[in-house]
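Because the structure is a prediction, the values reported are computed rather than measured. Naming: A, B, ... by sequence-line order, numbering from 1 per chain.
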There are 2 protein chains.
Amino acid sequence: MASDQYPLDSATDYPVADIAAAWQRERPGTPVSSIGIVTPLWRLAKLFGDDRRRVLSRAGVDAATLDLLSVLRRAGEPYALTTRELTARTMITAGAISQRVARAEREGLVTRSPGSASRTTSGGESRRRSVVVELTKAGHELVESTVDQVLTREADLLTGLTAEQQNQLADLLRVLLQDVQRRLNDHRLTQVGEPE
Amino acid sequence: MASDQYPLDSATDYPVADIAAAWQRERPGTPVSSIGIVTPLWRLAKLFGDDRRRVLSRAGVDAATLDLLSVLRRAGEPYALTTRELTARTMITAGAISQRVARAEREGLVTRSPGSASRTTSGGESRRRSVVVELTKAGHELVESTVDQVLTREADLLTGLTAEQQNQLADLLRVLLQDVQRRLNDHRLTQVGEPE
DNA sequence: AGTGTTATGTTTAGGTCTAAATTTAGGTCT
DNA sequence: AGACCTAAATTTAGACCTAAACATAACACT
């Protein structure tokens, strides 16, 4: 049976509201105000992530690799970016990019080549050492054959909200994301712990 | 320098809107409607998760362990639950729970003991074999000393939204979460791929 | 009681990530 | 040119997770 393994229905019986209530009961005064947002945010991210992984496993790819390929594909011709640019667009560390690229290269989905001979590109940005990652034919095809499937699936999962609700939600998330990013760039943990 | 490593400012320069636009440009017809919700959802979950991890690393705990301890703490006296109950409340697989508990036990934060002699508990639920995980004094103290810190920090990160916006967002997320959970329980991938 | 079934837990293999250490190439300065 | 500097990329160690295989205790039924 499958339901032994999958926590698909997990936490269904433990609504987010109960968590805040439990803290209040156990530790009156606990600042629970964030729970109503942060917890469902995590749960939804997990559900969407797990679902995407399962959809992609049929195509023989993992979500991390497809993410890499998608960034390259979206960049448009010639479907090539430096490692540095990949890091900037991907929310993961440079080390993780290295590993992603190494895996994808091993599978023939991308190629890696020493970046252009520098010599200050047209602009003025002195690209030091750089590695250019480029989509191969196989990589390109893999994106083409899976992206619509993934995005269609995810759109389906959102149909529980009306179009208007979806717009509202998207707006709120956009605003919050921007603000949180700004905050984290400013005081990066500066005042959280002890005065030093 | 630290900013080499941390992708804290990551994707700041690549707004979510650009992703959908890029797909439209590269592959007209791609169903991009979900991107405005799913992508910021993931980014926010990652930002909050990374931030929590950093806050907790000062206290010498990892987020996964604190999550386990918190569930036990919130359950109230006697701060003990079976592995099965933990799995139900935690959104991760039974195997992962085993590992979390093993780690926490190794650090003296919880104890594990063979469950009660079954004998159909008061209700009618015939608890088969079960393992009871219980918070130790050290585990209890660790929760007490970190929870407020974590929750306060997260509430701070949300202050970019007005109280009303926060309520709206929480409502939408609650509705969506419930609906997505229901959908995943029904057709678990049933009609996604090829007809078989 | 004996046998099969099944709920429950644990282990293992493989994959991914972060943070920190390390390597390497391009630029700089004298 | 030679020594230094430093950005960029990679490697490594450790943590965590899933999926699947495995182990085992309780139950049910004859």
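Both B:Val32 and A:Leu158 are part of a single hydrophobic cluster, where members link through side-chain heavy atoms under 4.5 Å apart.
For D:dT18, the OP1/OP2 oxygens have a side-chain nitrogen or oxygen of A:Lys46 closer than 4.0 Å. Using a 4.0 Å cut-off, some side-chain N or O of A:Arg103 falls inside it from OP1 or OP2 of C:dC17. Between B:Arg54 and C:dT18 there is no side-chain polar atom (N or O) within less than 4.0 angstrom of OP1 or OP2. Between C:dG9 and B:Arg112, no contact under 4.0 Å exists linking OP1 or OP2 to a side-chain N or O.
In this structure, B:Glu141 contributes its side chain and B:Ala138 its backbone to no donor-acceptor pair below 3.5 Å. Distance alone, capped at 3.5 Å, places no donor-acceptor pair between the B:Glu154 side chain and the B:Leu151 backbone. Put simply, the side chain of B:Thr39 never gets that close to the backbone of B:Val16: no donor and acceptor are under 3.5 Å apart.
Of all nucleotides listed (C:dA19, D:dA19, D:dT11), C:dA19 comes nearest to the side chain of A:Thr93. The nucleotide whose nearest atom lies closest to any side-chain atom of B:Ser98 is, among D:dC17, C:dA19, C:dG9, C:dG9. Considering only side-chain atoms of A:Ala96, the nucleotide from C:dT10, C:dC17, D:dC17 that sits closest is C:dC17. Here the nucleotide nearest the side chain of A:Gln99, chosen from C:dG9, C:dT18, D:dA9, is C:dT18. Listed candidates were C:dG9, D:dA8, D:dT10. Nearest to the side chain of A:Arg84 is D:dA8. Checked against D:dT18, D:dA9, C:dT18, the side chain of A:Arg53 finds its nearest nucleotide in D:dT18.
A:Ile92 places its CD1 atom 13 Å from the P atom of D:dT10, with the value rounded to the nearest Å. Between B:Asp50 atom CG and D:dC16 atom P the separation is 14 Å, expressed in whole Å. Rounded to whole angstrom, the span from the CZ atom of B:Arg106 across to the P atom of C:dT11 amounts to 11 Å. A:Met91 has its CE atom 14 Å from the C1' atom of C:dT18, to the nearest Å. Computed from coordinates, the B:Leu56 CG to C:dT18 C1' distance equals 15 Å when rounded to whole Å. The CD-P distance, from B:Glu105 to C:dT11, rounds to 10 Å in whole Å. Distance A:Arg52 CZ to C:dT16 C1': 16 Å, rounded to the nearest Å.
Side-chain polar atoms of A:Arg183 and B:Thr159 form a donor-acceptor pair below 3.5 angstrom.
The line from CD1 of B:Ile97 to CG of B:Leu86 is 5.5 Å long, rounded to the nearest 0.5 Å. Remark: A:Gln181 CD to A:Leu176 CG distance equals 10.0 Å, nearest 0.5 Å.
For the residue pair B:Trp42 and A:Ala45, the shortest heavy atom distance occurs at NE1-O, 3.1 Å.
Partner of A:Leu142 under the side-chain contact (heavy atoms from CB on, under 4.5 Å) criterion, out of A:Leu135, A:Val147, A:Leu69: A:Leu69 alone.
Looking at residues 61-68 of chain B, you'll see B:Asp62, B:Ala64 sit with a heavy atom under 4.0 Å from some atom of DNA chain D.
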Worksheet item: Can you give the dot-bracket line for DNA chain C, where a pair is Watson-Crick or G-U wobble with both atom distances under 3.5 Å, crossing pairs use [ ], and | marks a partner on another strand?
Response: ||||||||||||||||||||||||||||||

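In this structure, A:Glu144 pairs ionically with B:Arg27, as a charged nitrogen and a carboxylate oxygen lie closer than 4.0 Å.
Residues A:Ile97 and B:Arg100 both approach DNA chain D. Their nearest nucleotides, taken by heavy-atom distance, put A:Ile97 toward the 5′ side.
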